[in-house]
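Shown next, in structure tokens, is the structure this report addresses.
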Amino acid sequence: MSVALQREAIDVAAEYAQLIGDSPGAAVATFTGYVRDHSDQHAVTELELEHYPEMALKVLEDLGRSAGERFGLSSWRIAHRYGRLAVGETIVWVGAVANHRGEAISACELIMDTLKTDAPFWKREQGSAGERWVASRDKDAQRRARWQSEETP
Amino acid sequence: MSVALQREAIDVAAEYAQLIGDSPGAAVATFTGYVRDHSDQHAVTELELEHYPEMALKVLEDLGRSAGERFGLSSWRIAHRYGRLAVGETIVWVGAVANHRGEAISACELIMDTLKTDAPFWKREQGSAGERWVASRDKDAQRRARWQSEETP
Amino acid sequence: MASGSVSITIKLFSALREALGESEFQLNLADVSEASSQVDVAAIKKLLSQRGADWKEALNQPNLVHALNHKVVFVDAVVSEGDELAFFPPMTGG
Amino acid sequence: MASGSVSITIKLFSALREALGESEFQLNLADVSEASSQVDVAAIKKLLSQRGADWKEALNQPNLVHALNHKVVFVDAVVSEGDELAFFPPMTGG
């Protein structure tokens with residue numbers, strides 16, 4: 001039931017172990033995002049993640065709490081990087097524990113879809129196209145919107 | 001891109017490390033199922049998982065391959081236990097690697113939903129209600145059916 | 001014409017295996033009706049149901065699943081020499 | 001009546017921060033129109049747009065996001081003493 005904003009890489013195995021603790025629920029879903037080596041058509045060599053610390057913490061805590069209530073999670077965790085990231089490094093890790101698989105998986109997906117459009121992080125890429133701020137994607141806004149209308153699966 | 005049927009507990013951290021290898025894709029989704037301490041209204045102390053080995057291997061390999069094609073996975077893994085399982089132990093682990101989060105998460109969900117109804121495993125519970133075979137759930141068949149009609153998310 | 005030499009493997013799982021006390025055996029199809037040119041799963045069920053009331057009941061439960069050579073099939077699937085035919089209740093893994 | 005003593009913190013992020021060369025500063029609202037009893041985000045945008053063409057352009061881009069005290073708001077949100085008001089482009093985390 002917590003959020004981490006961190007400069008260092010995310011230790012996925014340690015996060016998982018901490019999420020489930022001594023008595024895991026029946027269903028655990030996780031998602032990990034990594035820095036890609038490409039963006040649209042060009043190569044990416046490095047990513048800089050700017051963030052708004054106080055707001056990021058508040059948005060992610062609210063998001064975890066509301067996903068927890070909606071899907072009856074017994075535990076959840078959101079870890080997000082900031083700063084300079086190399087290709088292949090972790091950006092974000094989300095874990096959700098529930099009684100049934102549908103709830104755990106949907107909670108992970110809701111958190112990721114909402115985080116993409118609502119959490120104050122901005123990606124700046126370095127690569128074959130020089131340096132540039134990553135533009136937001138219409139598809140992300142569409143995925144976000146699904147959760148406002150859709151019934152709980 | 002492989003299936004494991006095993007008597008011993010699933011090492012989630014080792015499975016994850018092997019799934020992503022040296023160069024992870026951009027998006028990794030995982031699901032882990034654990035033995036619950038209850039079923040319907042009564043307590044469960046132990047589970048015995050019977051399986052049909054040759055068919056289970058074939059069904060899970062076909063399932064991984066078809067999810068891989070449908071969602072463009074760069075890697076996937078399904079590990080499933082059999083034999084005697086204590087409460088809190090792992091039953092099943094699924095991992096999927098894709099370019100985008102929606103594909104990785106949907107692949108995990110498709111694999112789990114299909115596995116529940118199509119893979120030849122049968123749960124026998126021991127607990128406060130004595131020993132009994134677990135009955136299949138209508139809800140599982142409904143979740144399975146979604147994937148036959150739904151467009152790829 | 002059904003050949004008298006056809007032999008298949010029958011496998012039973014879960015509650016079926018437990019109720020009938022057998023998990024695997026060979027079945028010789030010599031005595032399946034010679035009027036039909038092909039033997040299907042329905043014919044095998046009929047044949048095995050003659051083994052007794054417990055077999056008849058177990059093999060005629062509405063949600064029985066049949067898998068021929070590791071693939072779920074309907075009762076009209078045709079059975080051939082060397083095939084493996086399994087009967088079991090709905091699956092409950094995962 | 002707008003009070004001359006109202007002071008808020010302005011924060012800029014990402015391409016906005018870069019284009020305007022500032023990330024954080026205090027803004028005194030003494031000179032906001034005294035005709036309105038309340039100062040809203042739209043009024044702050046108007047005030048800051050007077051700082052130059054680059055400010056005007058940056059603060060009037062169609063997809064600008066405004067967050068008041070760490071929460072995304074519309075331009076009619078009312079700003080009070082001690083508030084933190086941030087401007088930034090659409091978010092691209094995760």
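Residue numbers begin at 1 in each chain, while the letters A, B, ... track the order of the sequences. On a predicted model such as this, the values are computed, not experimentally measured, just so you know.
Only the side chain of Val12(B) comes within contact range of chain A, with at least one heavy atom under 4.5 Å from a heavy atom of that chain. Looking at Val92(A), there are no atoms closer than 4.5 Å to chain B (heavy atoms on both sides), in backbone or side chain. Neither the backbone nor the side chain of Ile91(B) comes within contact range of chain A, judged by heavy atoms closer than 4.5 Å. For Asp37(A), no part lies under 4.5 angstrom from a heavy atom of chain B. With a 4.5 Å cut-off on non-hydrogen atoms, Tyr16(A) touches chain B through its side chain but not through its backbone.
Looking only at heavy-atom pairs under 4.5 Å with chain B, the residue among Ala13(A), Gly95(A), Ala14(A), Ala27(A) that has the most is Ala27(A). With chain A as partner, the option from Ala96(B), Ala104(B), Ala29(B) having the largest number of non-hydrogen pairs under 4.5 angstrom is Ala29(B). Of all the listed residues (Val94(A), Ile20(A), Thr30(A)), the one sharing the greatest number of non-hydrogen pairs under 4.5 Å with chain B is Thr30(A).
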Could you walk me through whether Val28(B) and Tyr34(A) pass the side-chain contact (heavy atoms from CB on, under 4.5 Å) check? CA-CA 8 Å; Val28(B) 180; Tyr34(A) 292 87; 3.5 Å; yes
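One finds the CD atom of Glu109(A) at 10.5 Å from the SG atom of Cys108(B) (value rounded to the nearest 0.5 Å). The distance from atom CG of Leu115(B) to atom CZ of Arg101(A), rounded to the nearest 0.5 Å, is 8.5 Å. Here the straight-line distance linking atom CG of Asp113(B) with atom CD1 of Ile105(A) works out to 7.0 Å at 0.5 Å rounding.
Judged by distance alone, the side chains of Arg36(B) and His100(A) do bring a donor and an acceptor atom under 3.5 Å apart.
Enclosure of atom CD in Gln18(B) is not indicated, since only 12 or fewer non-hydrogen atoms of other residues, nucleotides or ligands lie within 6.0 angstrom.
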